[in-house]
Amino acid sequence: MSTQRLLGMRKIIVAIDGHSACGKSTTAKEVAKILGYLYVDSGAMYRAVTVYFLEHHIAITNPREVARALSDIKVSCKINPQGMTETYLNGLNAESKIRKMEVAEQVSQISAIKEVRTAMVEEQRRLGKKKGIVMDGRDIGTVVFPEAELKLFLTADLLVRAFRRQKELLERDELVDLDDVIDNLKYRDQHDTTRKVSPLVKAKDAIIIDTTHITIDEQVDEVIRLATGKMVPFT
Ligand code: CDP
């Protein structure tokens with residue numbers, strides 16, 4: 001759809017959920033760019049909280065300590081000069097810290113804390129108030145924006161996901177054994193799908209996309225096709 005035609009359409013919310021490292025963020029980023037929408041990586045927000053908890057040695061079993069930490073944390077998203085959304089923790093760019101394996105190893109425990117989720121969901125909803133947003137995560141179509149016009153559930157074979165994640169880590173100068181990456185993805189999938197609060201489940205009305213055998217361009221084209229199909233013109 002041309003930019004001109006997109007401008008004549010009401011903005012929608014695109015919610016992308018799914019397993020770890022199945023291409024949600026890469027797809028969401030590109031889709032947001034094409035549609036001229038805001039992109040929000042909700043996983044990055046949980047990773048930023050994890051960085052804070054690790055740096056401040058927060059005891060996650062102590063509710064008072066967790067509450068105090070949350071009142072001291074401000075997670076925000078800013079658009080960089082290249083048009084990419086970056087995550088900030090208390091005013092500092094946290095992008096390189098949040099992608100580290102050390103953070104991936106702890107994030108599922110921290111994202112399972114109810115108070116952490118309440119704080120992040122509030123911020124996510126604020127960002128989506130005006131629609132025109134693509135957000136990816138685990139509970140976007142089920143909890144954050146159950147009214148989203150388009151809901152997608154991405155998945156892919158474990159080994160393919162592990163190879164992709166290992167390559168991403170390498171691009172950030174972190175060499176991680178493939179078995180360790182596999183173990184981490186398995187652990188997070190298990191933890192994220194079985195936790196009590198907002199577990200990762202497919203929303204009833206979400207469309208499944210298996211990215212095992214398709215390229216990023218194919219993924220993006222498919223999501224754009226589905227998204228534009230949900231748009232209605234201003235009357
Ligand atoms: O990119 P990757 O698939 O590795 O994960 P992520 O999207 O960065 O999310 C990191 C972790 O944050 C997940 O394993 C979940 O534990 C948690 N998360 C969540 O609980 N809810 C969300 N909406 C997004 C992420």
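Counting convention: from 1, in listed order, for ligands and their atoms alike. Worth saying up front: this structure is predicted, and the values here are computed from it rather than measured.
A donor atom on one side chain and an acceptor atom on the other are not found under 3.5 Å apart for R47 and S42.
Identified under the salt bridge (charged side-chain N to carboxylate O under 4.0 Å, His left out) test for residues 203-215, with sequence neighbours left out: K151-D205. Among pairs with a residue in residues 169-184, those fulfilling salt bridge (charged side-chain N to carboxylate O under 4.0 Å, His left out) read K167-E171, at least two apart in sequence or across chains.
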Table please: side-chain donor-acceptor pairs of residues 103-110 below 3.5 Å, with sequence neighbours left out.
residue, atom, partner, partner atom, Å
S108, OG, D192, OD1, 2.9

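Protein residues having a heavy atom under 4.0 Å from any atom of ligand 1 are S20, A21, K24, S42, G43, Y46, R47, V107, S108, S111, R117, G137, R138, D139, I140, R165, R188, D192, R195, listed by chain and number.
The aromatic rings of Y187 and H191 sit tilted, their planes meeting at an angle between 30° and 60°.
For the pair K78 and Y88, the cation sits on the ring face: its NZ or CZ lies under 6.0 Å from the ring centre, inside 45° of the axis.
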